[in-house]
Amino acid sequence: MLRRAGLRLVYLLGLPVALILVWWWASASSGLYYLPAPDVIATTFGEVWFSERFAQDALPSIGRLLAGFALAAVLGVGVGIALGLSRSLRALTEPVLEFLRAIPPPVLVPLLILLVGVTTSMKLLVIVSGCIWPILLNTVEGVRAVDPVLSDTCRCYGVRGPRRLVTLVLRSASPQIMAGLRQALSIAIILMVISEMFASSSGLGFTIVQFQRSFAIPEMWSGIVLLGLLGFTLSVLFQLVERRVLGWYLGLRAATKGE
């Protein structure tokens with residue numbers, strides 16, 4: 001048991017430790033001002049982010065990130081279910097949806113600034129404009145892939161309306177919905193930073209750009225590290241939620257594989 005735990009720890013930490021050592025060697029051998037050593041970044045990280053700056057810049061960014069992601073999830077799943085259940089509605093809206101999906105969300109930032117202003121609403125709309133597509137498309141495909149045998153069984157037993165939606169449609173489509181949510185989460189982090197780099201006065205994206213413009217290089221790197229830690233933390237939390245939501249699916253897949 002201890003040996004297995006030790007091997008698992010090596011697998012988890014081996015590559016990160018190796019990359020940090022390579023980074024340390026590269027920064028020491030090159031002597032570049034723009035590539036500080038990991039210990040300098042670690043010290044700066046504590047000075048910058050274990051202070052009031054975390055509450056002023058990081059927490060509002062995290063709040064906008066989660067709010068935009070939640071709004072995109074509600075809209076994406078809701079519209080995706082409607083499109084997945086209705087072939088005529090899907091055919092009617094497909095050209096418009098394909099056109100909108102092809103527009104890169106960062107391009108919308110100047111337009112949203114003109115329409116909405118430099119506000120929290122603008123930043124939320126930027127996040128939603130990119131996050132909604134993987135959620136919507138995966139939801140549509142998940143709803144369309146509902147087993148017709150199960151659908152006929154529900155019809156025979158009189159399972160209709162909201163009960164059919166919850167017990168059959170959402171449950172059958174949940175693996176693909178969760179896959180779309182996972183993709184959208186990484187997109188949300190990127191768009192959160194981009195939205196704060198344009199005409200903003202606070203947030204992680206704004207702070208990192210300000211550090212770069214003032215040549216505060218260790219501070220800039222500390223902001224990048226914080227974004228990486230934020231993404232890693234959200235990914236771990238999402239995995240925990242995913243395992244709970246898809247417990248039945250993961251168990252079924254394991255039983256099918258004979259695990």
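In what follows, residues are counted from 1 in the order of the sequence shown.
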Practice task
With side-chain contact (heavy atoms from CB on, under 4.5 Å) as the test, would you mind laying out the steps for Leu100 and Trp133 before giving the verdict?
Solution key: CA-CA 9 Å; Leu100 294 175; Trp133 299 113; 3.6 Å; yes
Practice task
Test side-chain contact (heavy atoms from CB on, under 4.5 Å) on Val48 and Phe211 and set out the steps.
Solution key: CA-CA 11 Å; Val48 173; Phe211 284 149; 4.2 Å; yes
Problem - Residues Leu230, Met192; criterion side-chain contact (heavy atoms from CB on, under 4.5 Å); working and verdict - result: CA-CA 12 Å; Leu230 173 62; Met192 179 265 293; 4.2 Å; yes
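Both Leu125 and Val96 are members of a single hydrophobic cluster when ILVMFWY side chains are connected at heavy-atom separations under 4.5 Å. Both Leu89 and Val140 sit in one connected hydrophobic cluster of ILVMFWY residues. Membership requires side-chain heavy atoms under 4.5 Å apart, directly or through other members. No chain of hydrophobic side-chain contacts below 4.5 Å, direct or via other Ile, Leu, Val, Met, Phe, Trp or Tyr residues, connects Trp24 to Ile41. Under a hydrophobic clustering in which Ile, Leu, Val, Met, Phe, Trp and Tyr are joined whenever their side-chain heavy atoms come within less than 4.5 Å, directly or via other members, Phe99 and Val128 fall into the same cluster. One hydrophobic cluster holds both Leu108 and Leu75 under the rule that ILVMFWY side chains link at heavy-atom gaps under 4.5 Å.
In terms of heavy-atom proximity, Ile127 sits nearest to Arg64 at CD1-O, 3.6 Å. In plain terms, the two heavy atoms of Gln183 and Pro134 that are nearest each other are OE1-CB, 3.5 Å. The shortest non-hydrogen separation linking Leu170 to Val166 is CB-O, 3.9 Å. When all heavy atoms of Thr44 and Pro218 are compared, the closest pair comes out as OG1-CB, 3.5 Å. Residue Ser172 comes nearest to Val146 through the heavy atom pair CB-CG2, 3.9 Å, listed as atom of the first residue, atom of the second, then distance. Taking every heavy atom of both residues into account, Gly80 and Thr139 meet most closely at C-CG2, 3.7 Å.
Interatomic distance, CD of Glu47 versus CZ of Arg53, reported as 12.0 Å (0.5 Å rounding). In this structure, the separation between CZ on Phe238 and CG on Leu234 is 10.5 Å, given to the nearest 0.5 Å. Between atom CD1 of residue Ile187 and atom SG of residue Cys131 there is a gap of 6.0 Å, rounded to the nearest 0.5 Å. To the nearest 0.5 Å, atoms CG (Leu97) and CG (Leu83) are separated by 6.0 Å. Here CD1 of Ile135 is found 13.5 Å from CD of Gln176. Values are rounded to the nearest 0.5 Å. In this structure, the separation between CE on Met197 and OG1 on Thr207 is 10.5 Å, given to the nearest 0.5 Å.
Under the 4.5 Å side-chain criterion, counting only non-hydrogen atoms from C-beta, Leu185 is not in contact with Leu181. Between Leu229 and Phe45 there is a side-chain heavy-atom pair separated by less than 4.5 Å. Using a 4.5 Å cut-off on side-chain heavy atoms (C-beta onward), Asp152 and Arg155 make contact. Considering only heavy atoms from C-beta on, Leu204 comes within 4.5 Å of Trp49 through its side chain. Side-chain contact between Arg90 and Arg144 is present, with heavy atoms from C-beta onward closer than 4.5 Å. Within the 4.5 Å cutoff, the side chain of Glu242 has heavy atoms near those of the Arg182 side chain. Contact check for Arg101 versus Leu137: side-chain heavy atoms found under the 4.5 Å cut-off. Contact annotation: the side chain of Arg87 never approaches that of Leu92 to less than 4.5 Å [non-hydrogen atoms, C-beta and beyond].
Looking at Asp57 and Ser202, their side chains never bring a donor and an acceptor atom within 3.5 Å of each other. Looking at Ser61 and Glu196, their side chains do bring a donor and an acceptor atom within 3.5 Å of each other. Side-chain atoms of Arg164 and Ser151 include a donor-acceptor pair closer than 3.5 Å.
Between Tyr34 and Phe215, the ring planes are tilted. Angles from 30° to 60° get that label. Using bins of under 30°, 30° to 60° and over 60° for the plane-to-plane angle, the ring pair Trp221/Trp23 lands in the tilted bin.
No donor-acceptor pair under 3.5 Å is formed between the side chain of Ser235 and the backbone N or O of Gly231. Put simply, the side chain of Ser129 gets close to the backbone of Val126: a donor and an acceptor are under 3.5 Å apart.
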